[in-house]
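Worksheet for the structure shown next.
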Amino acid sequence: MIGWLASLLTAQGIDARQFFALTKAFLLSDLRGMHYTKATGTKPSHVVSPLFWVVGQCLTLSAIASLVLFMRVEVFFFSFVNLSLAVVVIATTVLVEFQEVVLNPKDLMILGPRPISPRTYTAARFANLLLYVAMMFLALTIQPAIVGIGLRDTGPWFAPAYLLASFTGCSVMVCVVILGLSALGNSETLEGWKTVLAWTQIILILVAGYGAQMMFRDKQSQLEVWGAFPPEWIEYLPTTWLARFVEQASITPSFSTLTIGGLMLLFTAVCLAVTVRCVAFLYKSMQPLTVQIRHRPMKPGTLGGLAFGAGHPLARGPEQRVGFWLCGKLLWRDGNLRMRSLLPFSMPLAAVGLAIATGQFANPMTNHDPAQVTLPILAVYLIALSVPHLIYNLTFNDDHDAAWLLRCAPLRQPIGLGLGVAKAVMFWIITPTCVAFAGVALWQWGDPAAALLHASLAWLLSWVMALAALWLAVPDLPFSRAPDRGGSTGPVLVTAALSGLAMQWGALHYFFAASIFFWIVSFVVALLLMIPLLKKADHRFRKLAGGMA
């Protein structure tokens, strides 16, 4: 078999020895180091690499969709749902791993000086891509093809027709993604979207799981009825055309069905040929990288400043500017850090959403019904309680090895690092959150004063909680430790103490929200709490920095 394949490769102008060596190297490297490390929590050094977790997620998703719809819907809707999931998931997987699996510019650093022909390199890269796509395709297709055979209205041709439809849809989508990304090239915006799309499978699994529970409990069978009588716009979707082909082949196969299947294969072959030709041209035109150095001298007045003007009036002193800049930069760049830090903010968002959806978002200053005002009051304090978790998680970072720069720096005010981080959190996260809360409250209550007071209290308490976190929660200097697996919630006792304080404050809020004295006392107490908290935080950071002065 190997000898026959080597002869075929040689006849095509491909060096067989180089092809096998390159293909093996590509497979080993791409199977272990991938973007999906951000969504699976695994690393290339782990025994079970990120790709195998992704394949497991694909199997889980297709199994949930197939088993939930089995014997509940007709063959068309069963095929439509599973084909749509397959096309979406395989598109996101190729998009996320495009730079690793399809076109990796880093190859030039190693292969550029070596005598490898473009044709050999192209063949090895496409063999690598073929295995990658084949694994995803089989994980998303095998289970629906098997389960669908047992549907009431399917015939013996369901499995072949479904495999053909899935192969056509997935292959064409892969071609579209590859051609589109090849035309776009590398992009910082695209890299940011890859972090989001890496979570597509997990999100779809959650949607399928919770959607299945809702469907089982729905006595009116709304989903099944929607699938039996779909709206007109669904007919314009390509996956609808593929599902109609599967339906026709399963129920009433004819010569026209066979003709349509042949045309689908022909169309797929044309798309694959065009994609191979275009990407092969890109491989041939790849040139060794050249480095161009640009000198951009800074003005004396901007040395030690920040790249965005907001940091200058907010962050005072070099330590605060460093903390402010690091927080904004790393939150924007590190998807794991951003996801881990912002997760607690789902609680106030859920409280507000639930209150609006159930009609329980009343103004606490005019309404004293606990069923109507509990959730909006709770949202105010949940915003503040999210801050300690966020500040705590900003101690950890994938680039923590560079923290020696902070430890070796002449820190005159070590607390400045923490305050800079806290100010960045307040500026980039808390302030927009409170503004959004004020807008929602104004929309629901029609009372600008009440909306402004509640949003202002949430903002002020958030700053108090940030100072408390700098004193009680942070275990080290910002961004100086490796990610703490399983410990993103922070110290339990600190969380319990701050939650208890917020609960007591919230109870007073419910009873005295209509009194102006409550708001005056609340703002004064919050401002007074900042003085001792700032002193305690300063003492804490001097210890963390090794007593520098």
Side-chain angles (χ1 to χ4, degrees), residues 340-355 360-362 364-365 368-395 418-419 421-422 425-426 429-430 433-434 437 441 453-475 484 486-515 517-541:
R340 194 168 57 242
S341 301
L342 299 182
L343 184 61
F345 283 88
S346 61
M347 296 298 292
L349 180 62
V352 173
L354 179 62
Q360 296 177 333
F361 197 87
M365 299 181 70
H368 300 288
D369 184 0
Q372 297 293 320
V373 301
T374 298
L375 288 176
I377 292 176
L378 185 63
V380 172
Y381 297 93
L382 285 176
I383 292 174
L385 286 174
S386 302
V387 176
H389 297 271
L390 201 160
I391 298 292
Y392 171 81
N393 279 287
L394 293 180
T395 309
L419 290 177
V421 170
V425 168
M426 296 296 295
I429 301 174
I430 299 301
T433 301
C434 292
F437 179 80
L453 284 174
H454 283 80
S456 300
L457 181 60
W459 190 94
L460 198 60
L461 290 178
S462 297
W463 179 246
V464 172
M465 291 294 181
L467 295 178
L470 294 179
W471 170 34
L472 298 170
V474 296
D484 184 18
S488 61
T489 57
V492 177
L493 292 178
V494 174
T495 302
L498 296 178
S499 300
L501 177 62
M503 289 176 61
Q504 297 298 325
W505 208 317
L508 295 175
H509 191 150
Y510 165 71
F511 287 110
F512 303 106
S515 174
F517 295 103
F518 166 77
W519 297 99
I520 295 175
V521 172
S522 295
F523 287 119
V524 171
V525 170
L527 292 172
L528 291 177
L529 283 175
M530 296 179 188
I531 300 174
L533 289 177
L534 184 58
K535 291 183 179 179
K536 291 292 186 180
D538 179 59
H539 182 68
R540 168 71 171 166
F541 267 74

Might you point out which heavy atoms bring [X] and [Y] nearest each other, and give the distance in Å?
X	Y	result
Pro344	His389	CG-CB, 3.5 Å
Tyr510	Ile377	CA-CD1, 3.7 Å
Ser522	Trp505	OG-NE1, 3.3 Å
Leu382	Ala351	CD1-CB, 4.2 Å
His368	Ala514	CE1-CB, 4.1 Å
Ala537	Leu467	CB-O, 4.1 Å

Any non-hydrogen side-chain atom of [X] less than 4.5 Å from a side-chain atom of [Y]?
X	Y	answer
Ile429	Phe345	yes
Leu453	Met365	yes
Leu460	Leu527	yes
Leu342	Leu390	yes
Leu534	Asp538	no
Trp471	Lys535	no
Tyr392	Pro475	yes
Ser462	Ile383	yes

From [atom1] ([X]) to [atom2] ([Y]), nearest 0.5 Å:
X	Y	atom1	atom2	result
Met465	Leu470	CE	CG	13.0 Å
Met503	Leu498	CE	CG	13.0 Å
Ile391	Leu472	CD1	CG	12.5 Å
Leu501	Leu385	CG	CG	8.5 Å
Ser386	Ile430	OG	CD1	7.0 Å

Next item on the list: Give the C-alpha distance, both sets of side-chain angles, the deciding distance and a yes or no for side-chain contact (heavy atoms from CB on, under 4.5 Å) between Val524 and Leu528.
Entry: CA-CA 6 Å; Val524 171; Leu528 291 177; 3.9 Å; yes
Item checked: Near-ring test His509/Tyr381, centroid separation under 6.0 angstrom ->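 They qualify: ring centres under 6.0 Å apart.
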Check: Taking the six-membered ring for Trp, are Trp519 and His454 ring centroids under 6.0 Å apart?
Finding: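 Ring centres of His454 and Trp519 closer than 6.0 Å.
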Check: Mind checking what makes ring-ring contact (aromatic ring centres under 6.0 Å, His included) contact with Phe437, not counting sequence neighbours?
Finding: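 Here no residue qualifies.
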Item checked: Chi angles and distances behind the side-chain contact (heavy atoms from CB on, under 4.5 Å) call for Gln372, Phe361 -> CA-CA 6 Å; Gln372 297 293 320; Phe361 197 87; over 6 Å; no
Notebook entry, point to check: If you count the non-hydrogen atoms of other residues, nucleotides and ligands that lie under 6.0 Å from CE in Met347, is the total more than 12?
Noted result: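 Atom CE in Met347 is not packed in, count stays at 12 or less.
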Margin query: Atom CG of residue position Leu493 - does it have more than 12 heavy atoms of other residues, nucleotides or ligands inside 6.0 Å?
Written below: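 No, CG of Leu493 has 12 or fewer neighbouring heavy atoms, counting only those of other groups under 6.0 Å.
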Checklist line | Arg540 side chain vs Val474 backbone, donor-acceptor pair below 3.5 Å | finding: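 Side chain of Arg540 to backbone of Val474, a donor-acceptor pair under 3.5 Å: yes, one is there.
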Notebook entry, point to check: For Phe512, does its backbone N or O pair with a side-chain atom of Ser515 as donor and acceptor, under 3.5 Å?
Noted result: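 Not confirmed, Ser515 side chain does not pair with Phe512 backbone.
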Checklist line | Pairing residues for Trp463 by the side chain to side chain donor-acceptor pair (under 3.5 Å) criterion, not counting sequence neighbours | finding: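 For Trp463, no residue satisfies side chain to side chain donor-acceptor pair (under 3.5 Å) once neighbours in sequence are set aside.
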